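Here the structure is laid out as structure tokens; the discussion comes afterwards.
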There are 2 protein chains.
Amino acid sequence: MARPRSFDPDDVLEIARQVFWQKGFQATSLDEITAASGIAKPSLYAAFGDKHALFLRVLDRYHDGILGWAERVLAQPGPAREAIRQWLTGFIPYCSGEKGQRGCLSINSATDGSLDQAALRKSIERYNRRLEELLRTRLRADREQFKKGFDPDITAHTIMVVHAGLMALAHQTPDSKQVKAVIEQVMGLLA
Amino acid sequence: MARPRSFDPDDVLEIARQVFWQKGFQATSLDEITAASGIAKPSLYAAFGDKHALFLRVLDRYHDGILGWAERVLAQPGPAREAIRQWLTGFIPYCSGEKGQRGCLSINSATDGSLDQAALRKSIERYNRRLEELLRTRLRADREQFKKGFDPDITAHTIMVVHAGLMALAHQTPDSKQVKAVIEQVMGLLA
DNA sequence: CTCATTCTGTACTTATAAGTACATAACGAA
DNA sequence: TTCGTTATGTACTTATAAGTACAGAATGAG
């Protein structure tokens with residue numbers, strides 16, 4: 001009964017994610033997003049609200065993508081050790097080489113001083129909490145696969161720290177072999 | 001033979017560091033720095049050049065401060081294990097609680113899409129390289145304190161990753177006890 | 001076919017912030 | 001004291017980018 005939208009919002013979110021991820025929230029102007037997507041500003045504003053809201057949508061989408069993947073990988077049968085190794089290894093393409101240079105959208109955003117801190121923190125905290133929950137749940141469930149005294153809660157958090165460190169250092173474009181070596185060494189904590 | 005400068009450049013760098021650290025490079029306007037320091041813009045430009053140059057001075061100062069401290073701590077006599085534990089523990093006040101919220105100026109800047117990437121990367125790479133060198137040198141020197149098969153090079157890099165991870169997750173204001181627990185667990189790699 | 005409704009694109013307003021022109025002030029040398 | 005030199009402060013220019021007004025286009029209902 002009225003003119004239909006000429007684009008798929010999800011496509012635009014995908015494009016916006018690429019642009020924001022490459023340049024950061026502040027350094028990205030809406031004009032760059034209109035240029036990349038072909039959608040004019042009024043349409044973006046009508047569909048997503050202002051720049052902050054658009055970014056939060058993009059960030060949530062990013063978080064959900066990683067969470068969905070983590071859920072699948074960490075639910076796989078077999079030893080917990082292998083599931084976690086595979087989870088960590090899966091990040092290698094994103095934290096080494098040229099592609100790693102952009103780092104992690106979530107970690108990058110955490111430092112962006114011009115974002116609405118309340119909403120941003122909430123989104124990032126939720127993401128980190130869920131990720132750590134997935135790790136913790138798996139480690140707790142398979143607790144008896146590890147040696148006496150193994151603490152699944154602390155270990156889950158340590159793995160989160162290692163993950164964050166790898167993504168934070170990704171901006172230096174480290175070699176994938178080096179990242180692999182770090183992961184293998186950290187696997188030593190899962191014994 | 002001419003009018004002397006009315007301020008100590010180092011004082012201004014110190015103030016600028018606080019402001020930049022709190023809000024990030026882009027989100028900080030020069031007006032905020034003039035407000036915080038009491039120095040008018042033309043004086044800042046005369047003394048430091050433009051905003052980028054000022055920030056790079058601030059960042060180098062930040063790096064040098066941490067490097068100097070790391071050098072002292074990691075050169076201390078006794079077991080390498082203890083030196084490294086002390087080094088990591090020293091970061092706890094900066095990566096937990098309220099003060100931790102601002103994170104690490106170096107890591108934060110790495111994601112700032114509007115900085116001159118070439119100069120910035122150079123500064124950060126130098127910092128990380130030197131820090132890792134200090135760790136590696138100490139671990140190599142005291143190699144025989146660890147068990148057979150210990151790899152000082154990979155271990156030094158892993159410690160860098162853990163350090164970066166702690167600073168990256170600092171924005172969530174974790175509890176210092178939790179950070180301490182992670183450090184203790186990671187110390188398990190130094191055996 | 002026509003109308004109500006919602007989307008689209010051009011072109012605008014407005015705010016913010018980087019960088020600077022210029023007049024003036026403070027100093028040391030002679 | 002006077003002059004050359006360099007710093008300071010006010011007030012400006014200018015560029016960029018967020019957000020919007022408005023006229024016109026596209027649809028389904030009746």
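Owing to the predicted nature of the structure, the values given are computational and were not obtained by experimental measurement. Letters A, B, ... mirror the listed sequences (proteins, then strands); counts begin at 1.
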Requested in this report: Start with the C-alpha distance between Ser109(A) and Phe55(A), add both sets of side-chain angles, then the distance that settles side chain to side chain contact (heavy atoms under 4.5 Å, CB included), and finish with yes or no.
Outcome: CA-CA 10 Å; Ser109(A) 321; Phe55(A) 183 79; 3.3 Å; yes

Requested in this report: Mind calculating the distance between CG (Leu44(B)) and P (dG19(C)) to the nearest angstrom?
Outcome: 12 Å

**Report entry** d(CZ, Phe7(A); C1', dT27(D)) in whole Å
**Finding:** 16 Å

**Report entry** Interatomic distance where CG belongs to Asp50(A) and C1' belongs to dA15(C) [whole Å]
**Finding:** 15 Å

Report task. Name the nucleic acid region contacted by Pro42(A), choosing base, sugar-phosphate or nothing; use a 4.0 angstrom heavy-atom cut-off, strictly under. Result -> base

Report task. Tell me whether the OP1 or OP2 atom of dA18(D) has a side-chain N or O from Lys51(A) closer than 4.0 Å. Result -> yes

Query raised in the report: Could you state the CZ-P distance from Phe48(B) to dT8(D), rounded to the nearest angstrom?
Result: 10 Å

Query - Within residues 20-29 of chain A: residues closer than 4.0 Å to DNA chain D (heavy atoms) - result: Thr28(A), Ser29(A)

Query raised in the report: Should the ring pair Phe150(A) and Phe146(A) be called parallel, tilted or perpendicular, given that the plane angle runs from 0 to 90° and is split at 30 and 60?
Result: parallel

Query raised in the report: CZ of Arg5(A) versus P of dT6(C): gap in Å, rounded?
Result: 12 Å

Requested in this report: Give a yes/no answer on whether the side chain of Ser43(A) brings an N or O atom under 4.0 Å of OP1 or OP2 in dC7(C).
Outcome: no

Query raised in the report: Would you say Gln172(B)'s side chain and Asn128(A)'s backbone share a donor-acceptor pair under 3.5 angstrom?
Result: no

Query - Residue whose closest nucleotide on DNA chain C lies nearer the 5' end, Pro4(B) versus Tyr45(B) - result: Tyr45(B)

Query raised in the report: Is there a donor-acceptor contact under 3.5 Å from the side chain of Lys51(A) to the main chain of Phe25(A)?
Result: yes

**Report entry** Lys41(A) NZ - dC22(D) P separation (whole Å)
**Finding:** 17 Å

Query raised in the report: Taking everything shown except Glu98(B) itself, do over 12 heavy atoms lie less than 6.0 Å from its CD?
Result: no

Report summary line: Rounded to whole Å, the CZ-C1' distance (Arg3(B) to dA26(C)) equals 5 Å

Query raised in the report: Taking CG from Asp31(B) and P from dG9(D), how many angstroms apart are they, rounded to a whole number?
Result: 14 Å

Requested in this report: Give a yes or no on whether Arg130(B) atom CZ has more than 12 heavy-atom contacts from other residues, nucleotides or ligands under 6.0 Å away.
Outcome: no

Requested in this report: May I ask you to say whether Arg61(B) pairs ionically with Asp10(B), meaning some side-chain N is under 4.0 Å from a carboxylate O?
Outcome: yes

